[in-house]
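Scroll down for the structure; my scribbles are underneath it.
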Amino acid sequence: MVNYDSNLLILKKKKLWQTLSGPVDDPKKLPKWNYDGSSTGQAPGEDSEVILYPQAIFKDPFRGGNNILVMCDCYTPAGEPIPTNKRYNAAKIFSHPAVVAEETWYGIEQEYTLLQKEVKWPLGWPVGGFPGPQGPYYCGIGADKAFGRDIVDAHYKACLYAGINISGINGEVMPGQWEFQVGPSIGIGAADQIWIARYILERITEIAGVVVSFDPKPIPGDWNGAGAHTNYSTKSMRAEGGYEVIKKAIEKLGLRHKEHIAAYGEGNERRLTGRHETADINTFSWGVANRGASVRVGRDTEKEGKGYFEDRRPASNMDPYTVTSMIAETTIIWKP
C-alpha cells in the first residue's frame, strides 16, 4: 500500500492522505479526489466539494519507501478552477507556443524567518528584546550568530530526497532568517517545487516546535525583510547576443511595474522601502550588481553578453505560479 499525501494549492497549508494499492509515478494515473471547501473558505456549505487534480509527484521524505507527495490544484465539480487556483492560469501561459520555445529557466531564492512558537519572536532573539545589529549574521556560524541550523539542514536533506532541485541554503542578514534556493528549474515546475519545499519546511518546523514565517517584513525597524528573488532566463537570453534580449525584457518589466507589484505578495510595501537592499516600491530601476534596484543583472552576464537577470521585487509570501508565469508573459508574450 502507498500513501498519497496531497498538498492543496491554497495558502492555508492544508493536506490530505490517501492510501493506494501500489506505487504510482505518473500524476495522470492518480485518482482525482475531493475535500470540504466550506471548511477552508473555498466553497459554500450547500455545494462544498472541491476537486483535487494531481499535477506533480515527489518522494515523501517523512514516510520514505514508495510513499509520495502530490501537488494538486483545485476545481469545482463542474471542472472550473476555483479562485485560489493560481496554477491553472500559469499552466496556460507556460503552454503558450512562444513560451515553450523559449525554455524559461527560474531560480527562486526563498527567504523565511524562524519564530519561537510561544511568543512569535525570531529564534535566537531575547524575548522582548533585540540581538546585536545586523552584520555578523549573514552566512554566519556559531551559536551566537546562526539560530535554527538543525532545521535548515534537515529541510535541505528532505528536499533533496523528495527530488526538489534545491541548489543551496544560507543564513540571512537578519538573525533567525534563512534562505533556500530552488533551481534552475523549467517553467511551471519551478513553482511546483517551491510549494512542495515550503510544505516540507512547515512539516519540519512543526516537528521542531518552531513557527516559520513568510511575512516580508516580520520585524519593523532596521532589520532586513524577506523576499523571494526570482532569477530568470530564456533560451534567447542564454544564447549569443542575449544581453540585448535581457535589456529589452527588463524594459518591458518596467512598463508593467505596477501590475507586477500588485501580484508580488501581500505586505510588500513594508519591505520595498529603498532601504535594506531593496528598491522603493513605487519606482522601477535596474542595474548591474545593484542589490538596491528592482532588477539586478550579474557581472558575469554583462561580461559574457548573455545569461540571466534577477527580479528582486517578489515578497517571501508571493505565489510562485503567479510570479513565474507573469514574468514569462510580460517578457515573451506581452506587446507594449
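This one's a predicted model, so the numbers in the text were calculated from it and none came from an experiment.
- The side-chain heavy atoms of Met174 and Pro218, taken from C-beta on, include a pair separated by under 4.5 Å.
- No more than 12 heavy atoms of other residues, nucleotides or ligands sit less than 6.0 Å from atom NZ of Lys258.
- Salt bridge Arg313/Asp311: present, at least one basic N to carboxylate O contact under 4.0 Å.
- The cationic group of Arg203 lies under 6.0 Å from the six-membered ring centre of Phe62 and within 45° of the ring axis, placing it in a cation-pi geometry.
- Here Lys235 does not pair with Glu102 in a salt bridge; the nearest charged N to carboxylate O distance is not below 4.0 Å.
- Under a cutoff of 6.0 Å and an axis angle of 45°, Lys59 and Tyr161 form a cation-pi pair.
- With respect to the salt-bridge test (charged N to carboxylate O, under 4.0 angstrom), the residues Asp280 and Arg275 do not qualify.
- Taking the six-membered ring where the residue is Trp, the centroids of Phe180 and Tyr156 are separated by 6.0 Å or more.
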Chi angles and distances behind the side chain to side chain donor-acceptor pair (under 3.5 Å) call for Asn317, Glu266: CA-CA 7 Å; Asn317 60 9; Glu266 296 182 7; 5.4 Å; no
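- Inter-residue side-chain proximity for Thr301 and Ile246 is flagged as met; some heavy-atom pair is nearer than 4.5 Å.
- A donor-acceptor contact shorter than 3.5 Å is absent between the side chain of Glu109 and the backbone of Gln181.
- In this structure, Cys139 SG and Glu179 CD are separated by 8.5 Å, a value rounded to the nearest 0.5 Å.
- Under 4.0 Å is where a charged nitrogen must lie from a carboxylate oxygen, and between Asp192 and Arg87 at least one such pair does.
- Side-chain contact check for Ile261 versus Ile281: some heavy-atom pair is nearer than 4.5 Å.
- Under the 4.5 Å side-chain criterion, counting only non-hydrogen atoms from C-beta, Ile200 is in contact with Ile164.
- Ring geometry for Phe147 versus Tyr137: interplanar angle of 30 to 60°, hence tilted.
- Atoms CD and CG, from Gln42 and Asn85 in turn, are 9.5 Å apart once rounded to the nearest 0.5 Å.
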Do any side-chain atoms of residues 323-336 form donor-acceptor pairs under 3.5 angstrom with protein atoms, and if so which ones, sequence neighbours left out?
residue : atom : partner : partner atom : Å
Thr324  : OG1  : Pro320  : O            : 2.6
Ser325  : OG   : Tyr321  : O            : 2.6
Ser325  : OG   : Thr322  : O            : 3.3
Thr330  : OG1  : Arg256  : NH1          : 2.8
Thr330  : OG1  : His260  : NE2          : 2.8
Thr330  : OG1  : Met326  : O            : 3.1
Thr331  : OG1  : Tyr232  : OH           : 2.7
Thr331  : OG1  : Ile327  : O            : 2.7

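- The 12-atom threshold is exceeded at CH2 of Trp223, counting heavy atoms of other residues, nucleotides or ligands nearer than 6.0 Å.
- Tested against Asp215 for a salt bridge (Lys or Arg N to Asp or Glu O under 4.0 Å), the candidates Arg271, Arg270, Lys120 yield a single pass: Arg270.
- Between Lys303 and Asp300 there is no salt bridge, since no side-chain nitrogen of the basic residue lies less than 4.0 Å from a carboxylate oxygen of the acidic one.
- By the 4.5 Å heavy-atom criterion applied to side chains, Asp60 and Ile68 are not counted as neighbours.
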Taking it one step at a time, do Asn224 and Glu277 satisfy side chain to side chain donor-acceptor pair (under 3.5 Å)? CA-CA 8 Å; Asn224 274 36; Glu277 300 178 273; 3.0 Å; yes
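- Aromatic ring centroids of Trp121 and Phe130 lie under 6.0 Å apart.
- A salt bridge is defined here as a Lys NZ or Arg NE, NH1 or NH2 lying under 4.0 Å from an Asp or Glu carboxylate O, and Glu251 with Lys248 fails to meet this definition.
- With a 6.0 Å cutoff to the six-membered ring centre and a 45° limit on the axis angle, Arg296 does not count as a cation-pi contact of Phe309.
- Looking only at side-chain heavy atoms (C-beta outward), Asn170 and Tyr138 come within less than 4.5 Å of each other.
- Annotation: Ile207, atom CD1; neighbour count of heavy atoms from other residues, nucleotides and ligands within 6.0 Å is above 12.
- A salt bridge links Arg312 to Glu310: at least one charged side-chain nitrogen sits closer than 4.0 Å to a carboxylate oxygen.
- At a threshold of 4.5 Å between non-hydrogen side-chain atoms, the residues Glu103 and Thr234 do not count as touching.
- Geometrically, Lys92 does not engage Tyr88 in a cation-pi contact, judged by NZ or CZ lying under 6.0 Å from the ring centre and within 45° of the ring axis.
- Side-chain atoms of Ile186 and Trp105, non-hydrogen and from C-beta on, do get closer than 4.5 Å to each other.
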